[in-house]
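Bear in mind that the values here come from a model prediction, so they are computed numbers and not experimental data.
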Amino acid sequence: SRHEWIRIALDVLLSRLTSIRDCAFFLISEVYELGLNPRQVFKKNLKRKLPDSEQDLNKQIDIISNLGRDFRNERDADFKFFVSDGQETTDN
C-alpha cells in the first residue's frame with residue numbers, strides 16, 4: 001500500500017540521517033584529535049573531550065544528535081495515528 005512505501009522511505013531516510021550523524025561525530029573526533037576508539041565516539045564523549053573553548057561546536061553536536069531523534073519521534077507518532085485510525089491491522 002501507499003502508506004507502507006512511505007513508511008519504508010521514512011525508515012531509509014532515518015537510517016541515512018543516523019549515518020550522517022555518525023560520520024559527523026567521527027569527523028569531529030578526528031579533526032580535534034580526541035583519541036577516541038571508534039566505539040567510543042558518541043555525543044557524551046565528544047562533549048566531554050572537546051576543549052572548553054568549543055562551546056559553539058558543543059551546541060552543534062546537540063543539534064546533530066537531536067535531529068534523528070526528532071525525526072524518529074515524528075515518524076513513530078504518525079505511524080501510531082495511522083494504526084489507531086484503523087487503516088492498518090497487520091504487518092505483511
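No more than 12 heavy atoms of other residues, nucleotides or ligands sit less than 6.0 Å from atom CD of E30.
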E54 and Y32: CA distance, side-chain angles, deciding distance, side-chain contact (heavy atoms from CB on, under 4.5 Å) verdict: CA-CA 10 Å; E54 295 298 336; Y32 284 89; 3.2 Å; yes
Pair D62-K47, side-chain contact (heavy atoms from CB on, under 4.5 Å): steps then yes or no: CA-CA 9 Å; D62 287 334; K47 293 180 79 168; 2.8 Å; yes
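Here the closest non-hydrogen pair linking R69 and N66 is NH1-OD1, 2.6 Å. What you find for S65 and R21 is that their closest heavy atoms are CA-CD, 4.1 Å.
Considering OG of S15 and CZ of R72, their distance stands at 12.0 Å, rounded to 0.5 Å. Taking CG of L10 as the start and CG of D76 as the end, the distance is 10.5 Å to the nearest 0.5 Å.
In the hydrophobic cluster analysis, where Ile, Leu, Val, Met, Phe, Trp and Tyr join through side-chain heavy atoms closer than 4.5 angstrom, I64 is grouped apart from L14. The cluster map of Ile, Leu, Val, Met, Phe, Trp and Tyr, joined by side-chain heavy atoms under 4.5 Å apart, puts I63 and I28 in different clusters. The hydrophobic cluster containing I61 also contains L34, counting ILVMFWY residues as joined when their side-chain heavy atoms lie under 4.5 angstrom apart, directly or transitively. In terms of hydrophobic clustering, with Ile, Leu, Val, Met, Phe, Trp and Tyr side chains grouped at heavy-atom distances under 4.5 Å, V31 and L57 are assigned to a common cluster. At a threshold of 4.5 Å between side-chain heavy atoms, the hydrophobic network of Ile, Leu, Val, Met, Phe, Trp and Tyr places F25 and L67 in two separate groups.
Under the side chain to side chain contact (heavy atoms under 4.5 Å, CB included) test applied with F26, the options L36, L46, V41 reduce to a single match, V41.
Listed by chain and residue number, nothing satisfies the side-chain hydrogen bond (donor to acceptor under 3.5 Å, both in side chains) test with Q60 (two or more places apart in sequence, or in another chain).
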